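Have a look at the structure below, then the notes.
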Amino acid sequence: MAVDLHFKTLSELQALLSAGELSSVELTQALVDRKEAVDDKVQAFNSLDKEQAIAQAEAADQRRAAGSVLGPLDGIPIGLKDVISVKGQPLTCSSKMLENFVSPYDATATTHLKVAGAVLSGRLNMDEFAMGSSTENSAFKTTVNPWDLERVAGGSSGGSAAAVSAGAVPVSLGSDTGGSIRQPASFCGVVGFKPTYGRVSRFGLVAYASSLDQIGPFGRSVKDVATVLQTIAGHDPKDSTSIEQDVPDYAGAIESNKSPWKLGIPKEYFGEGLDPEVKASIQSAIDWYADQGCEIHEVTLPHMDLAVAVYYIIATAEASSNLARYDGVRYTHRSKDAENAIDLYFKSRAEGFGEEVKRRIILGTYVLSSGYYDAYYLRAQKVRTLIRLDFMKAYETVDALLTPTSPFVSFKAGEKNEDPLAMYLSDIYTISANLAGIPGISIPCGLNSEGLPVGLQIQGKPFGEADLLAIANAYEEAHDYSSQHPSL
Ligand code: GLN
């Protein structure tokens with residue numbers, strides 16, 4: 001395989017396919033070979049059905065030969081986090097609970113990809129049921145960082161970020177409940193986009209915390225994630241939280257929407273705990289926008305210090321309810337030595353769930369229990385509203401907010417997973433976007449002195465994806481960070 005094929009962007013691959021210089025079968029085969037060459041090290045994939053992928057690629061090549069190309073994703077391989085349903089493929093959520101489960105239907109996002117002719121190339125590793133920030137909570141394996149194999153890829157969509165970073169797919173899908181797209185994107189030096197809550201249907205996404213979950217794309221460029229977002233966004237009668245609103249033309253918006261923008265710098269993101277090198281990278285990005293004539297405003301999000309606590313109450317409460325369905329009776333892991341029905345529930349859940357998932361179920365059950373509901377859950381909901389109002393107030397003066405995605409670069413595997421609180425605190429910069437329901441993107445903004453990627457987070461107004469993509473794209477075009485790749 002040509003060495004440079006696996007790091008090409010979706011737009012570059014599209015151009016090669018259109019020019020007849022590459023077939024989808026050649027591309028898919030080359031990426032399967034790449035996966036086989038690097039995934040023993042990276043561990044991004046839970047599974048990959050090669051025959052199915054090649055068959056989809058053949059169909060794409062036939063369409064192209066017949067002059068009926070379906071669109072920009074036709075014939076392009078895409079990997080899916082193992083929490084998004086694809087009919088007939090495994091859907092494990094990286095949990096023993098669903099180890100042998102095969103999805104009976106497609107998620108709506110999957111249906112959109114199929115209609116667009118994408119080649120579904122693999123199921124990507126994650127923290128069990130999307131709970132975690134390092135992929136170390138996968139029941140199967142830890143996905144490591146292609147830039148440094150001793151470090152984590154981030155999480156929970158670590159496989160989706162690492163597969164793109166390692167050159168095994170040009171684009172992938174993940175899910176983001178508290179940062180699970182943006183943080184691994186930042187750790188792995190790729191672009192990751194969390195849309196506004198309601199922009200993309202969650203039908204067929206295994207639920208973690210339903211009021212926070214959102215599906216979104218990873219890619220090597222802002223334009224590539226815009227292309228995937230365009231394909232999967234839109235109202236879906238099967239998800240009542242998806243909004244009935246037209247999806248703008250994102251590619252067009254990227255071209256037409258130009259600086260100067262008004263950009264906010266929330267001071268709460270630059271305090272204690274922020275790594276000095278990360279801070280310096282973000283500052284230089286802010287300076288760059290200022291040099292382009294953007295107005296830079298310091299803004300404040302006064303309830304930000306409560307965000308981690310609020311998130312871990314609401315997310316665990318919703319998780320405890322959502323995960324009640326895994327009872328060992330119907331389609332999940334079923335204990336072999338249960339003595340009666342009650343024992344079956346206990347043993348199946350005890351054997352099927354990992355430690356972190358159990359911790360969350362216990363926490364969530366506690367905050368919802370009578371006597372504690374008002375003190376924890378109800379108060380958390382009220383503070384959640386205050387957090388959203390903080391953002392809306394900031395957006396009265398600015399178009400978007402510039403911040404670090406994570407307080408630090410990727411950490412060493414094993415460094416934080418014995419200390420849940422340290423792991424929870426690592427989400428500090430990403431979770432408030434989910435609490436507020438707003439969109440956010442992480443784009444590469446350089447490497448630190450150890451050669452590890454730093455991510456710039458840009459958060460936008462509700463349904464302001466088009467502006468956000470334009471702002472991110474301007475920075476990307478003026479820097480070559482997105483074309484830096486791990487040597488592996
Ligand atoms: N790290 C956060 C958590 O563990 C966010 C996970 C996510 O976005 N799925 O809940």
Side-chain angles (χ1 to χ4, degrees), residues 80-84 93-95 124-138 142-143 152-161 172-187 192-195 197 200 202 205-218 307-323 353-364 367 380 384 405-408 410-411 415-417 419-442 455 457 459:
L80 266 55
K81 184 177 183 179
D82 209 353
V83 68
I84 300 170
C93 298
S94 291
S95 177
L124 301 169
N125 193 27
M126 52 185 280
D127 286 296
E128 183 176 4
F129 285 105
M131 298 175 188
S133 312
S134 64
T135 319
E136 290 166 291
N137 295 336
S138 165
T142 296
T143 301
V152 298
S156 65
S157 315
S160 303
S172 63
L173 290 188
S175 64
D176 191 312
T177 303
S180 279
I181 292 175
R182 291 159 288 155
Q183 183 255 30
S186 109
F187 281 13
F193 194 95
K194 174 209 138 10
Y197 186 77
V200 176
R202 293 175 300 110
L205 168 71
V206 175
Y208 160 17
S210 309
S211 77
L212 302 159
D213 298 338
Q214 189 60 192
I215 294 176
F218 288 86
V308 172
V310 166
Y311 172 83
Y312 278 95
I313 292 172
I314 294 176
T316 58
E318 293 183 11
S320 73
S321 162
N322 277 324
L323 272 60
F353 288 137
E355 200 183 325
E356 182 61 28
V357 173
K358 286 179 194 160
R359 181 180 296 119
R360 306 251 178 141
I361 293 173
I362 293 168
L363 256 171
V367 299
R384 178 180 188 172
T405 306
S406 162
F408 28 71
S410 167
F411 45 85
E415 193 181 304
K416 290 192 201 290
N417 64 340
D419 182 355
L421 196 56
M423 194 71 95
Y424 295 174
L425 284 168
S426 73
D427 300 328
I428 184 144
Y429 296 153
T430 47
I431 54 182
S432 37
N434 302 74
L435 292 167
I438 59 171
I441 189 168
S442 180
Q457 175 174 238
Q459 298 176 88

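Keep in mind the model is a prediction, meaning the values are calculated, not measured. The figures that follow rest on heavy atoms only: side chains count, while hydrogens, waters and symmetry mates do not. Both counts, for ligands and for their atoms, begin at 1 and track the order of listing.
No hydrogens or angles considered: a donor-acceptor pair under 3.5 Å links the side chains of Y312 and D427. Residues T143 and T135 bring no donor and acceptor atom of their side chains to less than 3.5 Å of each other.
For ligand 1, the atoms sitting less than 4.0 Å from at least one non-hydrogen atom of G132 are 1 (N), 2 (C), 3 (C), 4 (O), 6 (C), numbered in the order shown with element in parentheses. Near Y208, the atoms of ligand 1 lying under 4.0 angstrom from a non-hydrogen atom of the residue are 3 (C), 9 (N), 10 (O). Less than 4.0 angstrom separates some heavy atom of G178 from each of these atoms of ligand 1: 5 (C), 7 (C), 8 (O). Contact atoms of ligand 1 toward G179: 8 (O) (distance under 4.0 Å to a heavy atom of the residue). Atom numbering of ligand 1 starts at 1 in the shown order; those under 4.0 Å from a heavy atom of Y312 are 1 (N), 2 (C), 3 (C), 4 (O), 10 (O).
Contacts of Q183 classified as side-chain hydrogen bond (donor to acceptor under 3.5 Å, both in side chains), with partners at least two apart in sequence or in another chain: none.
Considering all non-hydrogen atoms of both residues, S157 and S175 come closest at OG-O, 3.1 Å. Annotation for S180 and G132: closest pair OG-O, 4.1 Å, computed over non-hydrogen atoms. Heavy-atom minimum distance, K416 versus F411: CE-CD2, 3.5 Å.
Annotation: cation-pi geometry not satisfied between K194 and F218 (NZ/CZ under 6.0 angstrom from ring centroid, within 45° of ring axis).
Ligand 1 has no nitrogen or oxygen under 3.5 angstrom from a nitrogen or oxygen of M131. Some N or O of S133 is nearer than 3.5 Å to an N or O of ligand 1, by distance alone. Between A130 and ligand 1, at least one N/O pair is under 3.5 Å apart. For ligand 1, the polar-atom distance check against D176 finds no nitrogen or oxygen pair separated by under 3.5 Å.
Not a single heavy atom of A315 sits under 4.0 Å from any atom of ligand 1.
Taking atom 5 (C) of ligand 1 as the reference point, the nearest protein heavy-atom neighbour is Y311 OH, 3.3 Å. The protein non-hydrogen atom at the shortest distance from atom 7 (C) of ligand 1 is S180 OG, 2.3 Å. Of the protein's non-hydrogen atoms, D427 OD2, 3.1 Å is the one closest to atom 2 (C) of ligand 1.
Of the heavy atoms in R360, only side-chain atoms (C-beta onward) come closer than 4.0 Å to ligand 1.
Aromatic pair Y208/F129: centroids not less than 6.0 angstrom apart.
Rounding to the nearest 0.5 Å places CD1 of I314 at 13.0 Å from OG1 of T177.
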